[in-house]
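Take a look at the structure below.
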Amino acid sequence: MSSSQAVTPNIKRVGNRLVVSHLQHGWLDAMGVEVPWIVSETMVTDKRAVASPAASPVVSGESNRAAKTAAPVVSAPAVTEPAAPATVGSIDLSRIDLSSVDLVQLSQTVQACERCGLCEGRQQAVPGDGVTNPSILIVGEAPGEQEDSQGKPFVGRSGQLLANMMAAIGHGRDTSVFITNVVKCRPPANRNPRDEEIAACAPFLARQIELLAPQAILAMGRFAAHALLNTDSPLQQLRQTTHAIDVAGRSLPVVVTYHPAYLLRRPVDKRLAWEDLKRIKALVALP
Ligand code: SF4
């Protein structure tokens, strides 16, 4: 593996190249911005030609709010197709311009998405669930069997535990929380999501963060933490501090904690998760 050096929390230098996280590449992708000198971690070996830039303005806070209140649009947004098909394995890496997409359109686009192979085994995609002006955005790993069946994230025992955890700090998905996952479709047999699947889905998560504009993000489990923070550090280490990511010109705090499915298997670590919950509670206003 080539040696890397951190430039910022979300950008690393590998050789003479700057490498951004899946999510940061997703933000650029979602905004319709191509930055040839920055490549995502899974695209370091991608030799495809870079199309000419078609920059769109970064979504401001004002336009975020306008997008939230926009009337639902029935038609799905147009997807920008490259001049020539670009694929890695089964992954379509064609650019998708989400810069003018609101939450309703984003959900429609996710439901119809075939950007990675996870579309083949899903009953339905799971874009997310909760209020559209959340205090806390919860990011998990991937839908499971019940989520795939019901089209909602965190249902079943994990969902009940998550609801209890949120209630303990005065929050809930009906009042002040939005819940989503790093990948929106269920991996076969609940296997871990792969790097290329996380990269393919990153523009959706990036655009959700912009549109939802939460006060803080709770990353549950290592896949969410690694995707958001562009690191492969152990979860236990990432839990020790409050992180920050830049979103549309503002710094957004990120707290890392255990995934509820892990806590169901290892209840003794709930006391550690409680410390994380207290930290994020202090960062946001009560509903
Ligand atoms: Fe599309 Fe994401 Fe589903 Fe892959 S996981 S098909 S990128 S919505």
Side-chain angles (χ1 to χ4, degrees), residues 20-32 39-43 46 48 75-82 85-99 101-130 137-155 178-212 217 219-228 259 261:
V20 299
S21 68
H22 299 319
L23 188 67
Q24 195 162 19
H25 195 279
W27 284 324
L28 298 170
D29 202 3
M31 290 185 294
V39 291
S40 83
E41 286 193 302
T42 55
M43 295 179 187
D46 181 7
R48 67 195 173 100
S75 59
V79 174
T80 304
E81 296 292 348
T87 60
V88 173
S90 62
I91 311 305
D92 181 4
L93 293 176
S94 59
R95 293 179 53 244
I96 178 168
D97 184 356
L98 300 173
S99 58
V101 167
D102 65 21
L103 285 170
V104 174
Q105 292 172 311
L106 185 82
S107 178
Q108 292 169 337
T109 307
V110 167
Q111 295 286 356
C113 178
E114 297 181 350
R115 280 169 61 86
C116 83
L118 294 183
C119 68
E120 294 169 9
R122 73 187 178 207
Q123 291 188 53
Q124 54 190 315
V126 184
D129 183 48
L137 172 62
I138 294 174
V139 181
E141 177 181 320
E145 184 176 12
Q146 293 188 61
E147 288 82 4
D148 179 60
S149 169
Q150 298 182 34
K152 282 191 171 187
F154 283 95
V155 294
F178 190 93
I179 306 171
T180 189
N181 285 302
V182 169
V183 295
K184 315 302 187 195
C185 302
R186 182 194 179 201
N190 294 343
R191 65 158 169 78
N192 292 334
R194 296 173 178 149
D195 277 356
E196 64 268 27
E197 293 158 352
I198 293 172
C201 216
F204 298 125
L205 178 58
R207 185 62 178 154
Q208 282 179 314
I209 295 173
E210 283 188 328
L211 289 169
L212 293 164
I217 295 177
M220 305 196 90
R222 67 183 169 98
F223 286 95
H226 290 176
L228 287 163
H259 193 284

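Start at 1 and go down the list; that is how both ligands and their atoms are numbered. The residues of the chain are indexed from 1 along the displayed sequence.
The residue from Ile198, Asn192, Asn190 that alone fulfils the side chain to side chain contact (heavy atoms under 4.5 Å, CB included) condition with Glu141 is Asn192. The only member of Asn181, Ile209, Leu205 that meets side chain to side chain contact (heavy atoms under 4.5 Å, CB included) when paired with Val139 is Leu205.
For atom 4 (Fe) of ligand 1, the N/O/S atoms of Cys116 include one lying under 2.8 Å.
Taking NZ of Lys184 as the reference point, atom CZ of Arg122 lies at 12.5 Å (rounded to 0.5 Å). Rounded to the nearest 0.5 Å, atoms CD1 (Ile138) and CD1 (Ile217) are 11.0 Å apart.
Considering only non-hydrogen protein atoms, atom 1 (Fe) of ligand 1 sits nearest to Cys113 SG, 2.2 Å. The closest protein non-hydrogen atom to atom 3 (Fe) of ligand 1 is Cys185 SG, 2.3 Å. Looking only at heavy atoms of the protein, atom 2 (Fe) of ligand 1 is closest to Cys201 SG, 2.3 Å.
Heavy-atom contacts of Lys184 reach the following atoms of ligand 1: 5 (S), 8 (S) (cutoff under 4.0 Å). Proximity to Cys119 (heavy-atom distance under 4.0 Å) selects the following atoms of ligand 1: 6 (S).
Side chain of Glu196 to main chain of Cys116: no donor-acceptor pair is present (N/O by atom type, distance under 3.5 Å, no hydrogens or angles).
With a heavy-atom cut-off of 4.0 Å, Arg122 touches ligand 1 through its side chain alone.
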